[in-house]
Amino acid sequence: LLDPTSDRPEEWSSLPKRLDTLEGKVIGFNVHWARYDEFVGRIEQIVQDSYGVAGTLRFEGRPIARDSTAEQEWKEWLERSDAAVLGLGA
């Protein structure tokens, strides 16, 4: 029998502290699905118009299974973003 589940991590990481406000923050969006850029474009407009964010950043594609340059770009994107949207639940 094959067990399709993965092993549990030895140590669980906690979620980062929730931001008190989005005002003046930079929001990162990971755009890696077909036509997700259209959805992100609308959300970018909403957070800029309604929440006073300083700006938005996009990371196009998936950093996993790509070259070391993409991994470095991913790390820089994470460092420059105060908060990040990595996907959506439907």
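For clarity, every value in this text was computed on a predicted model and none was experimentally measured. The residues of the chain are indexed from 1 along the displayed sequence.
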Peer 1: Report yes or no: do Q72 and E76 form a side-chain donor-acceptor pair below 3.5 Å?
Peer 2: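 Yes - a donor-acceptor pair under 3.5 Å links their side chains.
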Peer 1: Could you report the tightest heavy-atom contact between W77 and L57, atom names first, then the distance?
Peer 2: NE1-O, 3.4 Å
Peer 1: Taking ring pair (Phe, Tyr, Trp, His ring centres under 6.0 Å) as the definition, give me every residue that meets it alongside Y36, ordered by chain and number, with sequence neighbours left out.
Peer 2: W33, F39
Peer 1: Do you know which of L78, L86, V40 makes side-chain contact (heavy atoms from CB on, under 4.5 Å) with N30?
Peer 2: L86
Peer 1: Measure the shortest side-chain to side-chain distance between R58 and D37 over non-hydrogen atoms and say whether it is less than 4.5 angstrom.
Peer 2: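 Yes, at least one pair of side-chain atoms sits under 4.5 Å.
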Peer 1: How long is the gap from CD on E44 to CG on D49, to the nearest 0.5 Å?
Peer 2: 11.5 Å
Peer 1: Using 4.0 Å as the upper bound for N to carboxylate O, is an ion pair formed by K75 and E71?
Peer 2: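 Salt bridge between E71 and K75, a charged N being under 4.0 Å from a carboxylate O: yes.
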Peer 1: Stepwise, does the side-chain contact (heavy atoms from CB on, under 4.5 Å) test hold for I43 with V85?
Peer 2: CA-CA 10 Å; I43 299 301; V85 177; 5.8 Å; no
Peer 1: Can you find a pair of side-chain heavy atoms, one from F29 and one from F59, that are under 4.5 Å apart?
Peer 2: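 Of all side-chain heavy-atom pairs linking F59 with F29, none is under 4.5 Å.
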Peer 1: Give the table of side-chain donor-acceptor pairs shorter than 3.5 Å for residues 16-28, with sequence neighbours excluded, one pair per line with atom names and distance.
Peer 2:
from: T21; atom 1: OG1; to: E23; atom 2: N; distance (Å): 3.1

